[in-house]
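Data first, discussion second: the structure below is written as structure tokens.
No experiment lies behind these values; they were computed from the predicted model shown. First the proteins, then the strands, lettered A, B, ... as listed; each starts at 1.
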Amino acid sequence: MQREELSCANSIVSLLIKVEVKNPPQQLSKGIGSQSPIHLLFYRVAIKLFAIKILYISILIEVGVFAVEAEAKGKESTRTTWPLFFQGAARSLPIAVSAMVDGMVFGMLAQQAGVHLWEIMLFSLLVNAGSSQFAALGFVAQGVIGWPILVSTFMLNARHLLYGITLGPSFRNQPPWKLSLMAAQLSDESYAILANYLAEGNRPSFGYFFGASFTDYAVWNVATLLGGVFGSFITDPARYGLDFAFTATFLGFLASQLLSRFYVVVAIVSGALACVGYWLGGTTAAVLVGTIAAILMGVFSREPQ
Amino acid sequence: MALITYLTRFPMLLISSRVHLPTWLLRGLKMAALGVFSSLTIPPILFHHTKLGGWSPEYLIAGAVALAVGVWRKQTIFSLGAGVLCLIVIRAM
């Protein structure tokens, strides 16, 4: 299925692009009426990223729901309860600060790269995954458009598979439309909050989850808007070190994944192999090589999980 | 385009709802995000050239700081701030 998807994207890409975009971000026109094909591509890419993400998470929530034995953990109410909603919202506010800044940075960087505001917003509204958006932006800024972004997102969202499969059993009795809505709202932050909530022994609650995730979603999009609107006021991003913002953010994500010595080893090895890939084929090859290496190391590891 | 994607979803859903993901695959997928993050960060740091040409260790230093802060505090906002601040300081020197 994925190969069809990718070749479909590829043919569309080659149809839409006549001129390869090779300019560094600062030189791309922030144009009034510029007809760069990058704009056409951006929202189509966003829609595809969204579709991929929903696909991923829906599959895994479904798998988790149907494939795991039903333990009677107590039937949760199928009606959303408002007190729990606000509880979840309150719980996600500290994390929302981080989302605020990252969202603004994303909005700013996208604006600097010459993406129109409505496209930036569409991206954030539909995709709602910080790391994937930054990765796509990094690609776009380097002039790489189309299927490398999809592949990278594919790899990056692989962890959403685990989120879905973990959360699925807890939401067995929910109608599918609620589950797909949940899938759209799922992100690293909302997953972490919900997992902690369940681990504390509370009954699964959609209200809580939506409270937390909607807050995160709202903050992320508002921040993106602000960044996009005010981004044009910063004329020299290098002076503020913003050219490093993307890498710095991802180093933060990387740091949060270093849970044991094994993870550090995997990071070093996949980083080293990614450098080789980068040297040979740029960012795309780097991500492919590094991620496959990491997955293989995970598959063959003897670590107790 | 989105329609095609939508339509290809459901067969997958039907099939996958009966399928267990094998344990070894789950183990591998746990590492996927880590692989992506290090592939996206480490090469740009090691291959960084300034506008004037030539390799510069500025990303390396700022990157090490960002990573250390990220390990110390789990929120990405701190890594972002620390890394960017560090780079500003280095460039001002």
Side-chain angles (χ1 to χ4, degrees), chain A residues 1 5 8 12 44 47-48 51 55 58-59 62-63 66-67 97-98 101-102 105 135 138 152 155-156 158-159 161-162 165 240-242 244-245 247-258 263 266-267 270-271 274-275 278 286-287 289-299 301 305, chain B residues 1-2 4-6 8-9 11-13 16-21 23-47 51 58-59 62-63 66-72 74-88 90-91:
Chain A
M1 189 267 310
E5 168 99 3
C8 177
I12 292 170
R44 285 180 197 262
I47 290 175
K48 295 216 130 207
L55 175 63
S58 307
I59 289 176
E62 295 286 334
V63 173
F66 289 118
V97 174
S98 162
V101 175
D102 282 342
V105 172
S152 164
M155 303 279 193
L156 197 53
R159 72 184 176 288
L161 303 185
L162 290 167
I165 218 174
Y240 298 100
L242 287 181
F244 191 60
T247 310
T249 310
F250 270 83
L251 283 170
F253 283 125
L254 178 64
S256 70
Q257 295 280 322
L258 299 175
Y263 286 77
V266 172
S270 75
C275 285
Y278 189 82
V287 173
V289 171
T291 309
I292 291 175
I295 293 178
L296 286 176
M297 285 186 76
V299 165
S301 79
Q305 298 293 343
Chain B
M1 194 194 333
I4 297 173
T5 312
Y6 193 76
T8 53
R9 268 173 59 193
M12 267 302 261
L13 279 174
S16 66
S17 63
R18 302 283 174 258
V19 169
H20 262 293
L21 278 190
T23 320
W24 58 265
L25 189 59
L26 284 178
R27 270 208 317 266
L29 287 174
K30 259 194 171 189
M31 299 295 161
L34 183 66
V36 175
F37 295 143
S38 51
S39 325
L40 285 173
T41 53
I42 296 179
I45 289 178
L46 293 181
F47 285 84
K51 286 203 185 110
E58 59 182 8
Y59 268 22
L67 192 63
V69 169
V71 170
W72 175 48
K74 291 297 178 186
Q75 314 247 35
T76 50
I77 173 181
F78 294 116
S79 283
L80 176 65
V84 167
L85 271 173
C86 186
L87 195 65
I88 294 175
I90 291 175
R91 283 182 173 163

Please find the pair of heavy atoms, one from A:A248 and one from B:G83, that lie closest to each other, and give the distance.
CB-CA, 4.4 Å
With a 4.5 Å cut-off on heavy-atom pairs, point out which of B:P44, B:G81, B:G63, B:A66 contacts chain A the most.
B:G63
Mind listing the closest non-hydrogen atom pair of B:S79 and A:G252 along with its distance?
OG-CA, 3.2 Å
Taking all atoms of both residues into account, what is the closest heavy-atom pair of B:L34 and A:Y263, and its distance?
CD2-O, 3.3 Å
Quick check on A:A267 against chain B: is it the side chain, the backbone, both or neither that has a heavy atom closer than 4.5 Å?
both
Among B:S38, B:A62, B:C86, B:A82, which has the most heavy-atom pairs under 4.5 Å with chain A?
B:S38
Could you tell me which portion of B:L67 (side chain, backbone, both or neither) has an atom closer than 4.5 angstrom to a non-hydrogen atom of chain A?
both
With a 4.5 angstrom heavy-atom cut-off, which part of B:Y59 approaches chain A: side chain, backbone, both or neither?
both
Smallest heavy-atom separation, A:S270 atom then B:G35 atom, equals OG-CA, 3.9 Å
Drop me the distance from A:L251's CG to B:I45's CD1, to the nearest 0.5 angstrom.
4.5 Å
Working note: A:V289 + B:S39, criterion side chain to side chain contact (heavy atoms under 4.5 Å, CB included); need CA distance, chi angles, decisive distance, verdict.
CA-CA 8 Å; A:V289 171; B:S39 325; over 6 Å; no
